Amino acid sequence: MPEFRLYNTLTRRVEPFAPADGHTVRMYTCGPTVYNPAHLGNFRTFLFEDLMRRTLKLAGWRVEQIMNLTDVDDKIIRKAAALGTTISHVTEPFTELFHQDRRYLRIEDAEGYPKATAHIPEMVALVERLIAKNVAYEAEDGSIYFAIDRFPNYGHLSQLDKRELRTGARVAQDEYAKENAQDFALWKAAKDEDEATGAAWDSPWGRGRPGWHLECSAMAMKYLGETFDLHAGGIDLIFPHHEDEIAQSEAATGKTFARCWCHGEFLLTDGAKMAKRVGNVANVVELREQGISGTVYRHFVFNAHYRKQLNLGEDSLEQSRAAVRRIGTFAKRLAEASGGTEALVAAASKAEHAFIEALFDDLNAPEALAALFTFITDANRELDTGGTDVAALDRARAAFRMIDGVLDLVPEQEADAELAAWVEERIEARNAARERRDFGAADAVRAELVARGVSIEDSAQGTRWKRL
RNA sequence: GGCGCCGUAGCCAAGUGGUAAGGCAGGAGACUGCAAAUCUCUCACCGUCGGUUCGAUUCCGACCGGCGCCUCCA
């Protein structure tokens, strides 16, 4: 096995990675804020994290992944207030939708999906520790802030020390009172709106609610320990979210928070960042409605490296659909084959090596995909020769299983019994027509099938069909 | 203004100091009653201009173009 390497945002370099204890990778991934459907950009990040966990397992490690669900924040409260309801009424359906969408995209279950609102005591305790260490202070309104100038390492992750902060409109307009404009809220004093929507809890500083960054520190440390292996998220979270997580966690414990930080680049739509406020979001429900399978989107995402921006253009998904179709056809062929050749074994080994080499080199999925397609070409050529070596075929199947166990790109063969019976009957009729060389009738049947979205293939073993 | 990323074929996209993976689309051929699938072959002046080097798409600089972050956005 080659060495597993990852790009670490802390050092801005690709470096060897292994879990601290040698067998379990403790990984924290920032999850969605559940106040609307997560869009395809969000899912690009979650897909990158799915690739990460599957690759880590391929490397022989166990994975303990925690993904938080942010179920209390400004936007949720605003929405609940507008609807005259509580935040949980807003977040519950979207939490359910998130998991549905996630499954549609075949994103593996994390080991835990803790909610912020279920960890208020842990967060309060963390704030108390920070106050005790004198790095947090209470403002006049009862909110608690983290004083960034009392944490010398502040800005390391985002290289803030090297940049000039623009003291512009956004900072000046902050709604809360604080000592330094750049200090961030750990705990926000409750406002009427918070109380009305069920977004306020008791604390030593009165009623209030947690700041956004606090939940991740509290939950990560609760489930993964004060120091853990890997923290991942979208690139936009580097600053301020992850910077603040580091500050509050390390200030409290005096220990390294996450050993390695990984960030996925953005998904763009027609050249612009996919975001609600840009108005160019697309989500998984729309994918489903357009009949675009989860595997197609997986292919589209994995076809580019996770640290490069990826544009969702006109026919991106069409191209991926064709690529995935090819993989599906091959999977079926491999399953139905009866034997292989020596060269097939060689192709399988070559593919496995190339695949692992690519993924272990900072999750180079495009190159891993290339290894898969090269294997498909090589294996098809061998299968064409009609080899009879059963062990060789098993070897090829094992290689394909290993590869697809990570990429998970074989489209589902949905079994619709009624359709299948009808199709079988039509195919028989067509073959009868072909027997008597009545090709006009045969083509008419094929047209009938195509009209119902079924394509057929004649082969030496008979006629096969599939849904388009 | 500060920080960072990117510019490779019609499209998507890897990669390397010694003349460039893979996918989609296209072209030619094999197979087929015709198709489809599959197989074979084919398809690149690596943004521009300088510099370093025996040699650069790959390193350095400038420029042009695109994108992102700079307090709550994956």
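Labels below follow one simple rule: chain letters A, B, ... track the order of the sequence lines, proteins then strands, and each chain is numbered from 1. Computed from a prediction, not measured in an experiment: that's the story for all the values here.
If you check every strand for non-hydrogen atoms under 4.0 Å, Thr377(A) touches sugar and phosphate atoms only. If you check every strand for non-hydrogen atoms under 4.0 Å, His305(A) touches sugar and phosphate atoms only. Residue contacts shown for Arg464(A) are absent, as no nucleic acid heavy atom lies under 4.0 Å away. Residue Asp443(A) is in base contact, counting any heavy-atom pair closer than 4.0 Å across all strands shown. Residue contacts for Leu268(A): at a heavy-atom cut-off of 4.0 Å it reaches the sugar-phosphate backbone alone, with no base atom in range. Using a 4.0 Å heavy-atom distance criterion, Gly264(A) is classed as making no nucleic acid contact. Contacts of Leu310(A) with the nucleic acid, taken as non-hydrogen atoms under 4.0 Å apart, involve only primed sugar atoms and P, OP1 or OP2. Asp458(A) comes within 4.0 angstrom of a base, heavy atoms only. At the heavy-atom level, Ser316(A) lies nowhere under 4.0 Å from the strands shown. Among the atoms of the strands shown, only primed sugar atoms or phosphate atoms (P, OP1, OP2) are found under 4.0 Å from some heavy atom of Arg326(A). Base contact: Asn303(A) has a heavy atom under 4.0 Å from a base atom.
Each of C12(B), C67(B), A14(B) was ranked by its minimum atom distance to the side chain of Glu367(A); first place goes to A14(B). Of the candidate nucleotides G66(B), U38(B), G22(B), G66(B) has the atom lying nearest to any side-chain atom of Gln309(A). Ranking G33(B), C12(B), U71(B) by closeness to the Gln319(A) side chain, first place goes to C12(B). In this structure, the nucleotide among A74(B), C39(B), G33(B) sitting nearest to the side chain of Met274(A) is A74(B). Listed nucleotides: A13(B), A74(B), C34(B). Nearest to the side chain of Leu237(A): A74(B). Closest approach to the Asn364(A) side chain among G22(B), A14(B), C39(B) is made by A14(B) (side chain taken as heavy atoms from C-beta onward). Side-chain proximity of Trp212(A) to A14(B), C67(B), C72(B): nearest is C72(B). Side-chain proximity of Arg381(A) to C39(B), C72(B), C67(B): nearest is C39(B). If you check C34(B), C12(B), A74(B) against the side chain of Asp236(A), the one that comes closest is A74(B). For Arg430(A), whose side chain is taken as the heavy atoms from C-beta onward, the closest listed nucleotide among C72(B), G33(B), A35(B) is G33(B).
Note on Asn380(A): every side-chain N or O is 4.0 Å or more away from OP1 and OP2 of U38(B). Between Lys308(A) and A14(B), a side-chain N or O to OP1/OP2 separation shorter than 4.0 Å is present.
Residues Phe46(A) and Phe43(A) bring their aromatic ring centres within 6.0 Å. Ring-centre distance between Phe257(A) and Phe228(A): below the 6.0 Å cut-off. Checked against the 6.0 Å centroid criterion, the rings of Phe330(A) and Phe400(A) qualify as a close aromatic pair.
The distance between atom CD1 of Ile238(A) and atom P of A74(B), rounded to the nearest whole Å, is 14 Å. Put simply, CE on Met52(A) is 18 Å from P on A74(B), counting in whole angstrom units. When rounded to the nearest whole Å, the span between CD1 of Ile327(A) and P of U38(B) equals 12 Å. Going from atom CZ of Arg446(A) over to atom P of U32(B) covers 15 Å, rounded to whole Å. If you measure from atom CZ of Arg307(A) to atom P of A13(B), you get 16 Å, rounded to the nearest angstrom.
Taking 4.5 Å as the limit, every side-chain heavy atom of Met27(A) sits out of range of all side-chain heavy atoms of Leu224(A). Counting heavy atoms from C-beta outward, Phe48(A) and Val301(A) have side chains that stay 4.5 Å or more apart. Counting only heavy atoms from C-beta outward, the side chains of Cys262(A) and Leu230(A) approach each other to under 4.5 Å.
Between the side chain of Gln159(A) and the base of C3(B), no donor-acceptor pair under 3.5 Å is found.
G15(B) and U57(B): their C1' atoms are spaced 10 Å apart (whole Å). Of the C1' atoms belonging to A13(B) and U8(B), the separation is 9 Å, rounded to the nearest Å. For the P atom pair drawn from U40(B) and C6(B), the interatomic distance equals 35 Å after rounding to whole Å. Atom name P, nucleotides G51(B) and C45(B): the rounded distance is 24 Å, in whole Å. Nucleotides C64(B) and G26(B) have their C1' atoms positioned 32 Å apart, rounded to a whole Å. Taking atom P on both G65(B) and G17(B), the two are 30 Å apart, rounded to the nearest angstrom. Nucleotides G7(B) and C49(B) place their C1' atoms 16 Å apart, quoted to the nearest Å. Taking atom P on both nucleotides, A14(B) is separated from C63(B) by 27 Å, rounded to a whole Å.
Mapping Phe266(A) and Ala304(A) onto RNA chain B by nearest heavy atom places Ala304(A) closer to the 5' end of the strand. Each of Gly31(A) and Glu457(A) was matched to the nucleotide of RNA chain B holding its nearest heavy atom; the match closer to the 5' end belongs to Glu457(A).
The side-chain tip of Arg307(A) points at the ring of Tyr7(A) from less than 6.0 angstrom away and within 45° of straight on.
Checking G26(B) for Watson-Crick or G-U wobble geometry (two distances, each under 3.5 Å) identifies U42(B) as its partner. Across all strands shown, the partner of G4(B) is C67(B), judged by Watson-Crick or G-U wobble contacts whose two distances both fall under 3.5 Å. Pair check for U19(B) finds none; no Watson-Crick or G-U wobble contact set falls under 3.5 Å. Taking a pair to require two hydrogen-bonding distances under 3.5 Å in either a Watson-Crick or a G-U wobble arrangement, U53(B) remains unpaired. Nucleotide C34(B) is matched to nothing when pairs are restricted to Watson-Crick or G-U wobble geometry with both distances under 3.5 angstrom.
Side-chain contact check for His263(A) and His242(A): at least one donor-acceptor pair (N or O, by modelled atom type) lies under 3.5 Å. Glu138(A) and Trp187(A) share no side-chain donor-acceptor pair at under 3.5 Å.
Stacking between Phe373(A) and G22(B) is absent: the ring centroid is not both under 5.5 Å from the six-membered base ring centre and under 30° in plane angle.
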